[in-house]
Amino acid sequence: MTYEHHGDLIGNGSEMTRLRDEIDHLAQSDAKILITGESGVGKELVARRVYRSSRRSHGPFVAVNCAGIPETLLESELFGHVKGSFTGAYRDRPGQFEVADQGTVFLDEVGEMTPRMQGLLLRFLETGELQKVGMHQATRPVDVRVVSATNRSLSDMVTQGTFREDLFYRLNVIRIDVPPLRQRTEDLPQLIDYFFRRFTENSNARARAMDPEVTRILVKYPWPGNVRELENAIEHLVATARNDVIQVDDVPLSIRTSRSVSIRPKRERRRTVADDLYEQVVEKQECFWTSVYPMYMQRDITRSNVRDLVRRVLKEARGNYKIVTRLFNLQPDEYKKLLNFLRTHDCLVPFKEYR
Ligand SMILES: Nc1ncnc2c1ncn2[C@@H]1O[C@H](COP(=O)(O)OP(=O)(O)O)[C@@H](O)[C@H]1O
Ligand SMILES: [Mg+2]
């Protein structure tokens with residue numbers, strides 16, 4: 001087996017095959033893409049594949065990590081700055097949006113942006129015009145496709161008020177969700193093989209092969225850190241191997257003794273107020289006005305309890321408030337009244353994310 005594209009998404013399971021097809025298809029439009037998934041699942045590789053499959057593949061690809069960099073630096077990184085605009089700004093510097101003109105910008109960890117940066121990004125996305133740090137008017141517009149990624153739930157952040165809703169909708173035009181490695185174990189043999197070759201080829205490592213039992217253990221491990229953890233584990237195995245063939249003893253105990261996902265007991269989730277409300281309204285079919293409403297008005301339950309309930313029912317209704325009305329045991333003509341109530345009490349969860 002050879003791997004032609006170094007830096008491409010490896011995996012021959014059905015899920016990964018579907019994902020690659022989906023990426024290639026979605027790359028064709030020029031719409032913004034939001035890539036979600038746990039840390040280490042390969043979100044950056046997805047972004048690179050979007051770029052390679054798109055019409056912009058001849059333009060530049062620029063990746064910017066929005067996490068762990070001070071706001072002012074991120075601002076100048078993205079938008080550029082003019083000479084003298086802050087200490088250390090010895091010359092004009094273009095921002096990455098300008099560098100990526102006609103190409104693609106990958107905004108990694110976009111959920112970490114401060115509120116002010118979120119505002120600046122939104123303004124840029126709306127106008128396409130860049131405002132450099134230290135410059136008072138906007139410069140020429142640039143043409144970039146924005147692909148962003150996050151391991152956080154932006155929709156939860158929107159509800160909590162830490163991520164701007166308008167920016168969320170701008171970025172989330174197309175969503176690509178990358179499943180965790182434990183949900184696509186079919187990919188593991190090929191990934192193991194790929195990383196093993198990568199770390200043994202052209203290196204003076206001793207290891208030449210893996211005992212089949214080692215592969216079996218690696219396939220069973222749940223990989224909470226996803227492909228990144230797997231990659232590091234194999235690099236470690238290759239670097240520390242004492243023989244030509246990697247043995248079970250060489251595998252760190254933490255991996256060897258972890259039970260596979262299927263036998264690991266599911267963690268009990270604590271019952272929440274929203275669970276009780278849900279049971280009362282949806283399962284026992286009590287009317288919203290006679291059950292939830294009075295409890296809320298008498299402050300037996302909080303606004304966020306109501307919001308959680310709405311979120312849950314909205315999810316079940318696939319984002320359709322008409323169906324929510326029915327699930328709340330209301331008459332169809334009470335739809336407006338319900339929406340008014342939820343809006344007034346700031347419990348109107350945006351439906352788009354459940355569509
Ligand atoms: N399907 C895959 N095939 C090959 N390498 C992968 C795959 N998924 C992830 N990787 C590798 O795992 C590491 C983490 O991937 P990355 O894209 O940075 O993850 P994320 O951005 O989701 O945290 C990188 O070194 C990447 O090359
Ligand atoms: Mg990443």
Side-chain angles (χ1 to χ4, degrees), residues 5-9 23-37 42-83 85-86 89-114 116-135 137-151 154 163-164 166-176 178:
H5 285 294
H6 178 69
D8 199 0
L9 289 157
I23 294 167
D24 296 348
H25 172 68
L26 296 173
Q28 300 316 310
S29 87
D30 213 28
K32 293 180 203 64
I33 295 184
L34 176 65
I35 305 163
T36 54
K43 295 186 291 296
E44 176 151 0
L45 293 186
V46 170
R48 289 183 187 275
R49 189 179 174 109
V50 165
Y51 159 71
R52 276 202 311 275
S53 310
S54 73
R55 280 177 283 131
R56 292 174 179 268
S57 61
H58 299 292
F61 176 88
V62 175
V64 178
N65 189 340
C66 306
I69 136 166
E71 182 182 84
T72 48
L73 274 185
L74 182 60
E75 182 182 356
S76 114
E77 176 76 9
L78 290 176
F79 303 107
H81 64 244
V82 293
K83 181 177 164 183
S85 53
F86 53 85
Y90 298 119
R91 57 178 71 105
D92 287 7
R93 188 167 170 274
Q96 299 295 9
F97 282 127
E98 199 172 342
V99 171
D101 197 10
Q102 307 300 318
T104 305
V105 174
F106 174 52
L107 299 177
D108 203 2
E109 312 287 358
V110 74
E112 309 306 314
M113 278 190 172
T114 59
R116 197 179 75 91
M117 276 308 301
Q118 292 176 28
L120 294 175
L121 176 61
L122 181 69
R123 191 181 62 193
F124 167 70
L125 297 178
E126 281 175 347
T127 63
E129 287 174 358
L130 288 172
Q131 182 155 0
K132 294 192 178 197
V133 177
M135 198 142 117
Q137 76 277 36
T139 45
R140 69 188 176 92
V142 295
D143 169 28
V144 293
R145 180 189 205 174
V146 174
V147 176
S148 44
T150 178
N151 57 36
L154 290 189
F163 201 84
R164 290 181 68 132
D166 40 12
L167 180 58
F168 172 62
Y169 290 130
R170 282 265 170 204
L171 296 174
N172 187 34
V173 178
I174 294 174
R175 170 82 66 101
I176 298 180
V178 191

Exercise. Under the side-chain contact (heavy atoms from CB on, under 4.5 Å) criterion, do Leu34 and Leu154 qualify, and how do the steps go?
Worked result: CA-CA 10 Å; Leu34 176 65; Leu154 290 189; 4.0 Å; yes
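- Val64 has its side chain within reach of Leu74: a pair of non-hydrogen atoms, C-beta onward, lies under 4.5 Å apart.
- Residues Leu122 and Asp166 are in side-chain contact: their nearest non-hydrogen atoms beyond the backbone lie under 4.5 Å apart.
- Within the model, atoms CG of Leu171 and CG of Leu125 stand 6.0 Å from one another, a figure rounded to the nearest 0.5 Å.
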Problem set entry | Criterion side-chain contact (heavy atoms from CB on, under 4.5 Å) on Leu26 and Val50, from CA distance to verdict | CA-CA 8 Å; Leu26 296 173; Val50 165; over 6 Å; no
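- Listed for the Tyr51 side chain is a donor-acceptor partner under 3.5 Å among the backbone atoms of Gly59.
- For the pair Thr36/Thr150, a side-chain contact is recorded, criterion being any heavy-atom separation below 4.5 Å from C-beta on.
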Problem set entry | Stepwise salt bridge (Lys or Arg N to Asp or Glu O under 4.0 Å) check, Lys132 with Asp92 | CA-CA 9 Å; Lys132 294 192 178 197; Asp92 287 7; 5.6 Å; no
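- In terms of modelled atom types and a separation under 3.5 Å, the side chain of Gln131 and the main chain of Met135 share a donor-acceptor contact.
- Contact check for Val144 versus Phe124: side-chain heavy atoms found under the 4.5 Å cut-off.
- For the pair Arg145/Ser29, a side-chain contact is recorded, criterion being any heavy-atom separation below 4.5 Å from C-beta on.
- Side-chain contact between Val146 and Phe97 is present, with at least one heavy-atom pair separated by less than 4.5 Å.
- None of Val147, Val173, Asn172, Leu107 except one satisfies the side-chain contact (heavy atoms from CB on, under 4.5 Å) rule with Lys32; the exception is Val173.
- In this structure, the side chains of Arg116 and Glu75 come closer than 4.5 Å at one or more pairs of heavy atoms.
- Considering only heavy atoms from C-beta on, Asn151 comes within 4.5 Å of Lys43 through its side chain.
- A distance-only check finds no donor-acceptor pair linking the side chain of Glu129 to the backbone of Arg123 [under 3.5 Å].
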